[in-house]
Amino acid sequence: MKIDVILGLQWGDEGKGKIVDYLAEHYNLVCRFQGGPNAGHTIKFDEHKFVLHTIPSGIFRDNIINVIGNGVVIDPITLDKEIQTLSQAGKTFLDRLLVAKKAHLILPTHRYLDAASEAAKGKAKIGSTLKGIGPTYMDKTGRNGLRVGDIALDNFREKYEALKTKHMSLLNMYPDIDFNLEEEEEKWFKSLEVLKSIKQIDCGYYLNEQLKKGNKILAEGAQGSMLDIDFGTYPYVTSSNTITAGVCTGLGVAPQTIGEVIGIAKAYCTRVGSGPFPTELNDAVGEELRAKGQEFGATTGRPRRCGWIDLPQIRYAIMLNGVTQIVLTKADILNDFEEIMISDSYDVAGTKTRNIPYDMHEIAVTPSYRALPGWKQDLSECSNYESFPQALKSYVHEIEQELETPISMVSIGPKRKELIIKG
Ligand code: GDP
Ligand code: IMO
Ligand code: MG
């Protein structure tokens, strides 16, 4: 059996949660492989709306095992809150939730450091979600981190205090910020008890065994390809590998186990936080996209920056990820536009190119656009691909041609059912 992958092709918030929830019923396991509570994956079905940060988006499908993989960083407080919210909504899932012993823990002082380091950066700030992601991955690669499996060790408290002490001395480098460490620590240790109640696994062994048994696995990406630590718009990125390669290190599976790679792309583009965004619209059209698309962060509530679809950018993400099919989301948000622009190339220092320069912050890029006619039609009555307006079919066709990759589904609303299979 192979592991199929769902991940974002832009700067996050492409609608990954919705598509994972939709496709999950065809799998036995859904696994998060990187990121942490910086993610906010929205799922809507019937009259429910949930935003998941750490728990995989397969949790609403009965019988499916959900794994928080070793590449994920976990804040016990957020996880506890998520578990409570789902439990209060009457969802039973704890016997279907597993956590990797090797996943790293986000300490209160990681969040403290994140906030202090961002404050010190001033105008150059990354626009982090302030969930402690960067400092936690720094401790992981610096070989100082604490892992889920460590909680059971006799000297866990000692290890915790040693890391906290190190963080406190680092905090001396930064300006003072408001952070109630005592209160946060109390909550953290309380929530640790909830984390302890979740079954822990040796992720690599467990998932390879599942594959051997013939079980189907879906890996759920967080963030987006342009936020990848190596290939994104560095330094305005997150601290993990968000691309397909991250599945192998984040779950303990070999490259040849990867099957379909389903790339999720919005029919336009958004970004939350700082950093380059070549097709950004700082005008009324950008505002219209934000209002119609309800483009406000699912984790922080911040307004998302909006712009047209950027094909050089998506082409790059397809190359990095080995995307085999694309799901185009939020097509309905473009319903009222007379004209829709697509960027098909960039002008870099007077040269036309379809490639992304190594740095788009220091090197200016100017996107070239082509206008396509809008469909000026509500899509809620469309029940299959054939019933789509011709202009939308042309838009989809144009993107497929440019990207040389098939679009297998088009999402036309936030709910589970509002998805048209193109095939
Ligand atoms: P994720 O982080 O990639 O899972 O995406 P988010 O949940 O952060 O943001 C996507 C937002 O768009 C959520 O509010 C979804 O409910 C919503 N959404 C997803 N697909 C569609 C769609 O096709 N149309 C509309 N109108 N909303 C959608
Ligand atoms: P999902 O999974 C959109 C952005 C932040 C910031 C940068 C670094 O919902 O698509 P971090 O907290 O990771 O240090 O922030 O990355 N960012 C996201 N943007 N969607 C996300 O997740 C994001 N997770 C992080 O806004 O610019
Ligand atoms: Mg999101």
Side-chain angles (χ1 to χ4, degrees), residues 6-22 32-45 48-54 56-57 72-73 75 106 110-111 113-115 117-118 121 125-138 220-229 232-240 242 263-277 289 291-305 327-335 379-380 409-420:
I6 285 188
L7 43 71
L9 296 182
Q10 294 156 318
W11 278 276
D13 303 329
E14 298 90 349
K16 300 175 291 295
K18 171 187 161 153
I19 306 302
V20 172
D21 167 68
Y22 178 85
R32 276 280 305 271
F33 59 92
Q34 46 70 233
N38 47 351
H41 295 179
T42 314
I43 292 156
K44 288 188 179 172
F45 55 91
H48 299 288
K49 176 186 168 181
F50 294 101
V51 181
L52 298 175
H53 303 287
T54 314
S57 303
V72 176
V73 289
D75 187 333
I106 302 176
H110 282 132
R111 273 191 290 128
L113 277 166
D114 205 1
S117 134
E118 280 282 82
K121 280 197 164 118
K125 72 175 182 183
I126 307 293
S128 153
T129 59
L130 305 182
K131 301 294 177 192
I133 305 296
T136 307
Y137 279 114
M138 276 166 71
E220 173 181 3
Q223 290 79 57
S225 305
M226 299 308 284
L227 291 171
D228 182 88
I229 182 71
T233 45
Y234 191 87
Y236 299 99
V237 293
T238 191
S239 301
S240 65
T242 60
I264 316 295
K266 256 179 213 178
Y268 49 101
C269 191
T270 64
R271 168 165 208 170
V272 59
S274 326
F277 180 179
L289 284 171
K292 293 212 161 98
Q294 285 294 296
E295 295 296 353
F296 296 90
T299 297
T300 58
R302 290 177 294 176
R304 294 175 183 149
R305 300 156 62 193
V327 178
L328 196 69
T329 59
K330 303 191 89 161
D332 54 304
I333 303 306
L334 300 179
N335 283 353
L379 301 176
S380 53
M409 291 174 232
V410 180
S411 178
I412 55 167
K415 288 197 173 168
R416 209 182 248 173
K417 286 187 190 146
E418 294 170 310
L419 189 69
I420 302 296

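Start at 1 and go down the list; that is how both ligands and their atoms are numbered. Side chains included, hydrogens not; waters and symmetry mates left out as well; all remaining heavy atoms used.
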Q: Do any N or O atoms from the side chain of Y22 and from the backbone of K415 form a donor-acceptor pair under 3.5 angstrom?
A: no

Q: Please give me the minimum heavy-atom distance between S274 and G127, naming the atom from each residue.
A: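 Taking S274 first and G127 second, the nearest heavy atoms are OG-N, 3.7 Å.
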
Q: Verify the distance criterion only: is there a donor paired with an acceptor across the side chains of T270 and D13 at less than 3.5 Å?
A: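 No, because no side-chain N or O of T270 sits under 3.5 Å from a partner of the opposite role on D13.
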
Q: Only heavy atoms of W11, strictly under 4.0 Å: list the atoms of ligand 2 that pass.
A: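 Answer for ligand 2: 3 (C), 19 (N).
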
Q: Looking at Q223 and T238, would you say the former's side chain and the latter's main chain have a donor-acceptor pair under 3.5 Å?
A: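 No, Q223 side chain to T238 backbone: no donor-acceptor pair under 3.5 Å.
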
Q: Considering heavy atoms of the protein only, find what lies nearest to atom 10 (O) of ligand 2 and give residue, atom and distance to 0.1 Å.
A: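 Answer, as residue, atom name and distance: K16 NZ, 2.7 Å.
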
Q: Please check if atom CZ in F45 has more than 12 non-hydrogen atoms from other residues, nucleotides or ligands closer than 6.0 Å.
A: yes

Q: For H53 and R32, which heavy atoms make the closest approach, and how far apart are they?
A: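 That closest heavy-atom pairing would be O-NH1, 2.9 Å.
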
Q: How does V237 reach ligand 2, by side chain, by backbone, by both or by neither, if only non-hydrogen atoms under 4.0 Å count?
A: backbone

Q: Regarding ligand 2, does S239 bring an N or O atom to under 3.5 Å of one of the ligand's N or O atoms?
A: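 Between S239 and ligand 2 (N or O atoms, distance only) the closest approach is not under 3.5 Å.
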
Q: Atom 16 (O) of ligand 2: which of L227, T300, T42 has the nearest heavy atom?
A: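 Selected option, by shortest heavy-atom distance: L227.
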
Q: Where on K131 is there a heavy atom closer than 4.0 Å to ligand 2, on the side chain, on the backbone, on both, or on neither?
A: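 Near ligand 2, K131 shows nothing, with every heavy atom at 4.0 Å or more.
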
Q: Look at ligand 2 and say whether G40 reaches it with a heavy atom at a distance under 4.0 Å.
A: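 It does, in that a heavy atom of G40 comes within the 4.0 Å cut-off of ligand 2.
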
Q: Checking a contact table here: which protein heavy atom is nearest atom 15 (O) of ligand 2, and how many Å away?
A: S128 CA, 3.4 Å

Q: Report yes if H41 has an N/O atom closer than 3.5 Å to an N/O atom of ligand 2; otherwise report no.
A: yes

Q: Would you mind running through ligand 2 and noting each atom that sits below 4.0 Å from a heavy atom of R302?
A: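 It comes down to these atoms of ligand 2: 5 (C), 26 (O).
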
Q: When you measure from atom 11 (P) of ligand 2 to each heavy atom in T270, V272, T129, which option holds the nearest one?
A: T129

Q: Determine, using heavy atoms of R271 and all atoms of ligand 2, whether some pair is separated by less than 4.0 Å.
A: no

Q: Does the side chain to side chain contact (heavy atoms under 4.5 Å, CB included) test come out yes or no for L419 and K18, once each step is laid out?
A: CA-CA 10 Å; L419 189 69; K18 171 187 161 153; 4.2 Å; yes

Q: Could you tell me, atom by atom, which parts of ligand 2 come under 4.0 Å of a heavy atom of G273?
A: 27 (O)

Q: Give the atom numbers and elements of ligand 2 that come within less than 4.0 Å of a heavy atom of A39.
A: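 Those of ligand 2 that fall under 4.0 Å from A39 are 1 (P), 2 (O), 9 (O), 22 (O).
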
Q: Looking just at side-chain N and O atoms, do S57 and E220 make a donor-acceptor pair shorter than 3.5 Å?
A: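 E220 and S57 do have a side-chain donor-acceptor pair below 3.5 Å.
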
Q: In this structure, does ligand 2 have an atom that sits under 4.0 Å from one of the heavy atoms of E14?
A: no

Q: Without swapping roles, check the side chain of R271 against the backbone of M226 for a donor-acceptor pair under 3.5 Å.
A: no

Q: Does this structure show an ion pair linking D75 with K131, if we count only N-O contacts that are shorter than 4.0 Å?
A: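 Not counted as a salt bridge, because no side-chain N and carboxylate O are separated by less than 4.0 Å.
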
Q: With a 4.0 angstrom cut-off on heavy atoms, strictly below it, pick out the residues next to ligand 1 and order them by chain and number.
A: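 If the criterion is a heavy atom under 4.0 Å, then ligand 1 touches D13, E14, G15, K16, G17, K18, G40, H41, T42, A298, R304, K330, D332, I333, S411, I412, G413, P414.
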
Q: Where's the contact between N38 and ligand 2, heavy-atom distance under 4.0 Å: side chain, backbone, both or neither?
A: both

Q: Decide whether an N or O pair under 3.5 Å exists between D114 and ligand 2.
A: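 No, there is no polar N/O contact under 3.5 Å.
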
Q: By atom name, which N, O or S atom belonging to D13 lies closest to the Mg ion (ligand 3)?
A: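 The closest N, O or S atom of D13 to the Mg ion (ligand 3) is OD1.
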
Q: Give the atom numbers and elements of ligand 2 that come within less than 4.0 Å of a heavy atom of T238.
A: 11 (P), 13 (O)

Q: T233 and W11: which non-hydrogen atoms are nearest, and at how many Å?
A: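 Heavy-atom minimum between the residues: OG1-NE1, 3.4 Å.
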
Q: Specify whether an N/O/S atom of V51 falls short of 2.8 Å from the Mg ion (ligand 3).
A: no

Q: With a cut-off of 4.0 Å, which atoms of ligand 2 are near a heavy atom of A222?
A: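 The atoms of ligand 2 under 4.0 Å from a heavy atom of A222 are 2 (O).
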
